[in-house]
Amino acid sequence: MKNLQIKVAVITGAASGFGRELAIACAGEGMSLALTDIDEKNLQGTVELLPPGTPVLAMKCDVAKADQVEQLAVATYERFGASHLLFNNAGVLVGGPLWTATTQDWEWMLGINVMGVAHGIRSFVPRMLQQKDECHIVNTSSVAGLLSVPGGGIYCATKHAVVTMSECLDQELRAEQASIGVSVLCPAFVPTGIADAARNRPAELGEANPLNAGFEEQTRKATQAGKISASDIARITLDAVKEGRFYILPHQKIKGAIETRMRDILDERSPTRTAP
Ligand SMILES: NC(=O)c1ccc[n+]([C@@H]2O[C@H](COP(=O)([O-])OP(=O)(O)OC[C@H]3O[C@@H](n4cnc5c(N)ncnc54)[C@H](O)[C@@H]3O)[C@@H](O)[C@H]2O)c1
């Protein structure tokens with residue numbers, strides 16, 4: 001999708017981090033925006049950062065809830081009559097050894113990181129297919145979708161799911177000869193709010209296991225030390241959309257670890273330890 005001007009971008013998790021920067025970058029391309037997040041206050045903060053006059057629909061939505069994502073699609077088509085670029089971006093993280101994870105930890109992360117993407121695909125792809133315009137979907141995974149990181153068991157499980165869902169979706173759409181491109185975004189550590197994801201954890205899912213505070217602190221340090229910024233990620237992602245590139249790996253140095261994992265599999269040897 002070379003020309004983004006006057007097209008409509010839908011961005012989940014738009015109140016912070018990548019989502020906020022994608023909104024700013026898409027507005028800079030002259031796009032109309034449907035922005036959503038569970039955090040209404042900071043979503044409004046994103047709207048205030050957009051160039052004046054940007055057509056924007058900002059709507060609270062929990063991506064883990066199918067009916068709320070469907071309402072987002074209905075509202076987007078009511079307001080703009082179309083959607084062209086969908087970023088299934090909202091995501092959360094809680095860590096620690098798998099045997100310390102609670103069922104609520106699983107429910108929370110699977111609900112947002114996996115089902116959030118599934119709901120986005122279910123609500124928007126059929127509408128995009130009917131539209132017959134050129135469209136594109138970007139699913140935010142992570143290098144955790146290509147690696148197995150100790151302490152990140154649930155997160156890796158969800159992000160691996162997003163990689164394979166994207167790979168399947170891309171092949172399915174090409175088999176249909178649909179004019180809908182797909183990309184999967186797989187960054188390493190970037191300074192955003194991800195280490196403090198628990199700030200938006202629903203009360204009914206209880207607090208994160210305190211045993212996992214060490215992992216959270218490690219993630220905070222690693223993301224804060226990230227050299228590539230969220231706005232760099234947004235720029236790299238839009239470039240990939242324009243080039244029609246499927247895999248987006250903004251951190252080149254991590255490719256060595258991915259290659260090692262692939263080699264471990266092909267050589268049928270035990271996983272090489274990946275630094276968290
Ligand atoms: N920052 C990193 O180092 C990094 C690296 C790889 C992948 N990612 C992925 O990037 C994506 C964006 O995260 P980020 O780093 O910008 O973090 P962030 O915490 O800054 O932003 C995530 C946004 O998602 C929103 N969100 C949380 N639960 C939601 C829900 N149920 N419904 C709707 N929105 C919800 C949050 O309110 C927040 O605004 C995530 O999928 C994350 O897993 C981040």
Side-chain angles (χ1 to χ4, degrees), residues 10-25 34-47 49 58-69 71-72 87-95 107-120 138-147 149 152 154-163 165-166 184-205 216 218-234 236-237 248-251 254 276:
V10 180
I11 306 172
T12 73
S16 176
F18 297 171
R20 172 171 281 183
E21 294 300 334
L22 284 166
I24 293 168
L35 305 179
T36 191
D37 203 287
I38 201 168
D39 176 350
E40 248 180 322
K41 182 167 168 277
N42 286 310
L43 185 61
Q44 194 47 41
T46 298
V47 173
L49 292 171
M59 184 171 155
K60 185 178 178 181
C61 159
D62 178 348
V63 296
K65 306 269 166 51
D67 57 333
Q68 295 190 22
V69 178
Q71 280 164 23
L72 171 71
F87 295 95
N88 284 314
N89 168 73
V92 290
L93 165 66
V94 66
E107 198 182 321
W108 184 47
M109 292 177 73
L110 285 170
I112 297 167
N113 297 7
V114 180
M115 293 314 296
V117 176
H119 298 323
V138 180
N139 295 326
T140 304
S141 177
S142 164
V143 295
L146 301 165
L147 295 172
V149 187
I154 310 179
Y155 189 68
C156 288
T158 64
K159 294 301 185 179
H160 277 251
V162 174
V163 170
M165 285 157 74
S166 307
V184 62
L185 172 60
C186 300
F189 294 117
V190 179
T192 65
I194 194 73
D196 299 303
R199 69 192 184 281
N200 291 323
R201 181 169 166 136
E204 67 266 23
L205 293 181
E216 202 177 284
Q218 222 172 25
T219 309
R220 186 171 297 110
K221 281 197 186 128
T223 50
Q224 279 167 6
K227 299 273 186 301
I228 297 184
S229 70
S231 82
D232 295 332
I233 297 289
I236 291 166
T237 303
I248 313 173
L249 276 72
H251 297 82
I254 205 74

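As the structure lists them, so they are numbered: ligands from 1, and atoms in each ligand from 1.
Heavy-atom proximity to Thr140, at under 4.0 Å, picks out these atoms of ligand 1: 9 (C), 10 (O), 11 (C), 41 (O). Heavy-atom proximity to Val92, at under 4.0 Å, picks out these atoms of ligand 1: 27 (C), 28 (N). Close approach of ligand 1 to Thr223 is summarised as follows: ligand atoms under 4.0 Å from at least one heavy atom of the residue are 3 (O).
The protein heavy-atom contact nearest to atom 14 (P) of ligand 1 is Thr192 OG1, 3.4 Å. Of the protein's heavy atoms, Phe18 N, 2.8 Å lies nearest to atom 16 (O) of ligand 1. Distance from atom 19 (O) of ligand 1 to its nearest protein heavy atom, with residue and atom name: Arg199 NH2, 3.0 Å. Of all protein heavy atoms, the one closest to atom 20 (O) of ligand 1 is Ser16 OG, 2.5 Å.
At a threshold of 4.5 Å between non-hydrogen side-chain atoms, the residues Arg201 and Val92 do not count as touching.
Selection from Asp196, Asn89, Asp62 by nearest heavy atom to atom 31 (N) of ligand 1 gives Asp62. Considering only non-hydrogen atoms, atom 33 (C) of ligand 1 lies nearest to Cys61 out of Cys61, Gly91, Gly13. One option in Phe87, Phe189, Trp108, Tyr155 has a heavy atom closer to atom 42 (C) of ligand 1 than any other, and that option is Tyr155. Of the listed options Ala197, Ala14, Ala188, Gly17, Ala188 places a heavy atom closest to atom 5 (C) of ligand 1.
Residue contacts with ligand 1, taken as heavy atom pairs separated by less than 4.0 Å, involve Ser141 solely via the backbone atoms N, CA, C and O. The residue Arg20 has no part lying near ligand 1, judged by heavy-atom distances below 4.0 Å. At a heavy-atom distance under 4.0 Å, no atom of Lys65 approaches ligand 1. Neither the backbone nor the side chain of Cys186 comes within 4.0 Å of ligand 1, counting heavy atoms alone.
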Stepwise salt bridge (Lys or Arg N to Asp or Glu O under 4.0 Å) test for Arg199 and Asp196
CA-CA 6 Å; Arg199 69 192 184 281; Asp196 299 303; 5.8 Å; no

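Listed by chain and number, the residues in a salt bridge (Lys or Arg N to Asp or Glu O under 4.0 Å) with Lys221 amount to none (sequence neighbours excluded). Here Ser166 pairs with Asn139 under the side-chain hydrogen bond (donor to acceptor under 3.5 Å, both in side chains) rule; sequence neighbours left out.
Among the atoms of Val190, some N or O lies under 3.5 angstrom from an N or O of ligand 1. Polar contact check, Asp39 against ligand 1: no nitrogen or oxygen pair lies under 3.5 Å apart. Among the atoms of Ala64, none of the N or O lies under 3.5 angstrom from an N or O of ligand 1. Below 3.5 Å of separation, one finds an N or O of Asn200 facing an N or O of ligand 1. The shortest N or O to N or O distance between Ile112 and ligand 1 is not below 3.5 Å.
In this structure, Ser141 and Val162 approach most closely via the heavy-atom pair CB-CG1, 3.8 Å.
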